[in-house]
Undergrad: 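Have a look at this one before I ask anything.
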Amino acid sequence: MKRENCGQLSGKDVGRKVCLAGWVHRVRDLGKLTFVDLRDGSGLVQLLFRGLPDARKLSCEDVIRVEGTVVLREAPNPDLPTGEVEVKVDRLEVLAQAKSPPFAVDEDPPKAGEETRLRFRYLDLRRPRMQRNLRLRHRTTMAIREYLDREGFIEVETPLLTRSTPEGARDFLVPSRLEPGKFYALPQSPQLFKQILMISGVERYFQIARCFRDEDLRADRQPEFTQLDLEMAFLEDPEELFELIEGLLSHVFQETIGVELSRPFPRLTYEEAVFRYGSDKPDLRFGLELVDITEAFAGTEFRVFREVMEAGGRAFALRVPGRAGASRKELEELEVVAKAHGAKGLLWLARGESGPRGPLARYLPRQEPLWEATGAQVGDLLLFVAGEPVSAAQALGQVRLELGRRLSLIPEGVWCPAWVVGFPLLEWSEEEGRWTAVHHPFTSPRSEDLPKLMAPDFPQERLGELRANAYDLVLNGVELGGGSIRIHRRKVQQRMLEVLGIGPQEAEARFGFFLRALEYGAPPHGGIALGLDRLVMMLAGESTLREVIAFPKTASGTCPLTGAPAEVDEDQLRQLHLKVEG
RNA sequence: GGGGACGUGGUCUAGGCUGGACUAGGACACCGGAUUGUCACUCCGGAGAUCGCGGGUUCAAAUCCCGUCGUCCCCGCCA
């Protein structure tokens, strides 16, 4: 007899003989009568055992097969999709007994701690929510492949054992057995391969690619993660790509959670993002925008501000409506947030009924310019951070997010994607004492800045002015991905590397294969990479990546299920020409 | 590399500030028994814990102190 799905039985099936198999979800033993909820991939159905005493020995998560007849229930259960019927069992076969599980599979949210869940991931994944997340992830990748296939993209796999190309994150290394002392690296992204595919005439490439970065982890960062990696030849205007990706995301949202995204997505410049929202990945679901009040403070007596201004800094304000009565404690907590993100402090000024209140009040004989600049009404609270423009704005941006949460300003079920464009090409690294690429070393500058990059006499110290032809896609304050128009001319690429402190010899050693490829007819090209795990996490409404990855790692990069990473035999080390110290 | 929170039977947790009647309490799970309409079944009985590990303070440590390990969150880091 053919096995059927538990979850699909209904009144229509009454009277049919069926064969079911699955896991024992719960047992209710009433003596001469035993009820068992049977679970399989499709759902739950109640089994009725009468005169089959073996049923009384069943326990949770045993795997069984039964044959029986679908009957109407005496007391239907409206909470269960199959609640109208039950299966009166006349044959029971135990396929596998289960030990008593460390946590119940029907708990949501699970009571067990995360480490326990990961150690028994196979049990955790049986939970309906995790099954839902796995399926959601599957549907997401299906929707991506459908859409991109239709748009003429082909999926090409690229190597996992590749070459370390430092610059960027720390690599995971794989020692070579055949070449003592040499190492493969796991890819941080398929960047150079996809560019080489452009040179190979693929024109429209994508890959759902695993990437590896050996950096410290976070709730939204795993050492191995999945990107939707995509590249197009003859892409010179990012708008063409924006349109494609907007269509892709809309399709994905429609197919997975039935949400219609409004298009086109807003475009923000990096400056707007940073100075209006205090973040290069702004959460646009709520207002509470920053205001630059440097002018309103011009000529202030207040030493702290005066010094900041003299050093070329700026001051930003956040107007918090109706919070003039904020408590000392609340303000201190907000200051902790600001300080944790690099602010020297958080100043405040409340526009109370009886005049301004706050430590700043006496330094501002005239508040009018401030009220005017910020639009502060009586009853409002102003918060200030002053300092180096970008970091001051970002610190206040973190305060903005905190207030958004505290004051419940962030609406549920709202999706606010946006493109952020116009990033700087380079940033100065104090630590390394050199310019580093904001995006990556293969990103093209904007065409109007190209001459500056190429001019040998362009002053080093002004390289920070150059803009990249790069873009980020943000969604509800989360960076979903980023990309750029790439450099497709060897000369430009070589110059870029030089600016990054990689001279011709070193460039040849590390990137020679790629520079050579650029010499054989490279089309202009560009693309993007989207964090698939993050996307699915958001679609699923989860707050960590671990909930949408079947077998994730802990924050210290271990796997409680397998015990990885683990020691290896001396013999294995010897074959790899490795010695472990300490 | 730095900061914070947590660690108590299989699981989740109470107790911890204010050390002593804590002989470590509860819930779920488990084991035995009862049970013919349950659906978080119910009822009766039972077993199960070196309080993460090491050291210290003390007459006395789950409780206080130091160290260490693990988990989680954050900063740095993540082109």
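In what follows, every chain begins at residue 1, and chains take the letters A, B, ... in the order their sequences are listed. Values in this document were obtained by computation on a predicted structure and should not be read as measured data.
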Undergrad: Taking only the C1' atom of each, what is the distance from B:rG67 to B:rA29 in whole angstrom?
TA: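 To the nearest whole Å, 36 Å.
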Undergrad: For A:Arg218 and B:rC75, is the shortest distance between a side-chain N/O and OP1 or OP2 below 4.0 Å?
TA: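 Answer is yes, contact under 4.0 Å.
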Undergrad: Distance criterion of 3.5 Å, no angle test: do you see the side chain of A:Gln46 paired donor-to-acceptor with the base of B:rU38?
TA: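 Such a pair is found, so the answer is yes.
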Undergrad: Rounded to the nearest angstrom, tell me the gap between atom CG in A:Leu58 and atom P in B:rC31.
TA: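 Spelled out: CG on A:Leu58 to P on B:rC31 is 12 Å.
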Undergrad: I'd like to know if A:Arg213 reaches the base of B:rC77 with its side chain, counting only an N/O donor and acceptor under 3.5 Å.
TA: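 A donor-acceptor contact between them is absent.
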Undergrad: Kindly say if A:Ser556 contacts the phosphate of B:rU71, meaning a side-chain N or O under 4.0 Å from OP1 or OP2.
TA: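 Yes, such a contact exists.
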Undergrad: For A:Gln191 and A:Gln195, which I'm curious about, is there any donor-acceptor pair between the side chains at under 3.5 Å?
TA: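 Result is yes, a qualifying pair exists.
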Undergrad: Write down the distance separating the P atoms in B:rC51 and B:rA5, rounded off to the nearest Å.
TA: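 Those two atoms are separated by 23 Å.
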Undergrad: Are A:Phe514 and A:Phe442 an aromatic pair by the rule of ring centers under 6.0 Å?
TA: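 Aromatic pair counts; centres sit under 6.0 Å.
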Undergrad: Any idea which of B:rU11, B:rG37, B:rC78 is nearest the A:Ala169 side chain?
TA: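 Given the options B:rU11, B:rG37, B:rC78, the side chain of A:Ala169 is closest to B:rC78.
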Undergrad: How far, in whole Å, is B:rU71 from B:rA34 if one measures between their P atoms?
TA: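 Nearest-Å result for B:rA34 against B:rU71 at atom P: 46 Å.
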Undergrad: Expressed as a whole number of Å, how far does the P atom of B:rC78 sit from that of B:rC69?
TA: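 Comparing P positions in B:rC78 and B:rC69 gives a spacing of 25 Å.
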Undergrad: Select one nucleotide: of B:rU71, B:rG37, B:rA29, the one nearest the side-chain heavy atoms of A:Ser100.
TA: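 Selected nucleotide: B:rA29.
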Undergrad: If the cut-off is 4.0 Å, is A:Arg28 near the phosphate of B:rU38, judged by side-chain N/O to OP1 or OP2?
TA: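 No, outside the criterion.
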Undergrad: Which is more 5' along RNA chain B, the nucleotide nearest A:Thr436 or the one nearest A:Glu114? Just name the residue.
TA: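 Closest to the 5' end, via its nearest nucleotide, is A:Glu114.
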Undergrad: Using only heavy-atom distances, decide whether a donor-acceptor pair under 3.5 angstrom links the side-chain of A:Asp216 to the base of B:rC78.
TA: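 No, the side chain and the base share no sub-3.5 Å donor-acceptor pair.
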Undergrad: For a quick check, tell me whether the side chain of A:Glu115 and the base of B:rG7 share a donor-acceptor pair closer than 3.5 Å.
TA: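 Looking at the base of B:rG7, it does not pair with any donor or acceptor on the side chain of A:Glu115 (distance under 3.5 Å).
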Undergrad: Applying a 3.5 Å limit to both distances, which nucleotide forms a Watson-Crick or G-U wobble pair with B:rU36?
TA: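 Its partner is none (no Watson-Crick or G-U wobble pair with both distances under 3.5 Å).
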Undergrad: Is there a stack between A:Phe35 and B:rU38, judged by ring centres under 5.5 Å and planes under 30°?
TA: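 The base of B:rU38 is stacked with A:Phe35 (centres under 5.5 Å, planes under 30°).
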Undergrad: Salt bridge check: are A:Arg534 and A:Glu479 linked by an N-O gap of less than 4.0 Å?
TA: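 Not counted as a salt bridge, because no side-chain N and carboxylate O are separated by less than 4.0 Å.
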Undergrad: Is it true that A:Arg434 and A:Glu432 have a side-chain N and a carboxylate O under 4.0 angstrom from each other?
TA: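 Yes, A:Arg434 and A:Glu432 are salt-bridged.
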Undergrad: Does a distance-only test, which skips hydrogens and angles, find a donor-acceptor pair under 3.5 Å between the side chain of A:Arg221 and the base of B:rC78?
TA: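 Under the 3.5 Å cut-off, the side chain and the base do form a donor-acceptor pair.
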Undergrad: Among B:rU11, B:rG70, B:rC73, which nucleotide sits nearest the side chain of A:Arg119?
TA: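 In terms of side-chain proximity for A:Arg119, the closest of B:rU11, B:rG70, B:rC73 is B:rU11.
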Undergrad: Identify the residue among A:Met130, A:Met538, A:Glu542 that makes a side-chain contact (heavy atoms from CB on, under 4.5 Å) with A:Val548.
TA: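 For A:Val548, the side-chain contact (heavy atoms from CB on, under 4.5 Å) test succeeds with only one of A:Met130, A:Met538, A:Glu542, which is A:Glu542.
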Undergrad: Of the options B:rG37, B:rU11, B:rU38, whose atoms approach the side-chain atoms of A:Ala112 most closely?
TA: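 Selected nucleotide: B:rU11.
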Undergrad: Which nucleotide in the list B:rA27, B:rG37, B:rC77 gets nearest to the side chain of A:Arg50?
TA: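 Per side-chain heavy atoms of A:Arg50, the pick is B:rG37.
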Undergrad: Does B:rC12 have OP1 or OP2 sitting under 4.0 Å from an N or O in the side chain of A:Thr116?
TA: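 Checking B:rC12 against A:Thr116, a side-chain N or O does come within under 4.0 Å of OP1 or OP2.
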Undergrad: Has the side chain of A:Arg117 got a donor or acceptor atom sitting under 3.5 Å from an opposite partner on the base of B:rU71?
TA: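 For A:Arg117, whose side chain was compared with the base of B:rU71, there is no donor-acceptor pair (under 3.5 Å).
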Undergrad: Is there a side-chain contact between A:Glu61 and A:Arg39 (heavy atoms, below 4.5 Å)?
TA: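 Answer yes - side chains close enough.
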Undergrad: Look through every strand shown and name the nucleotide pairing with B:rC6 as Watson-Crick or G-U wobble, where both distances are under 3.5 Å.
TA: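 Checking every strand shown, B:rC6 finds its partner in B:rG70, with both distances under 3.5 Å.
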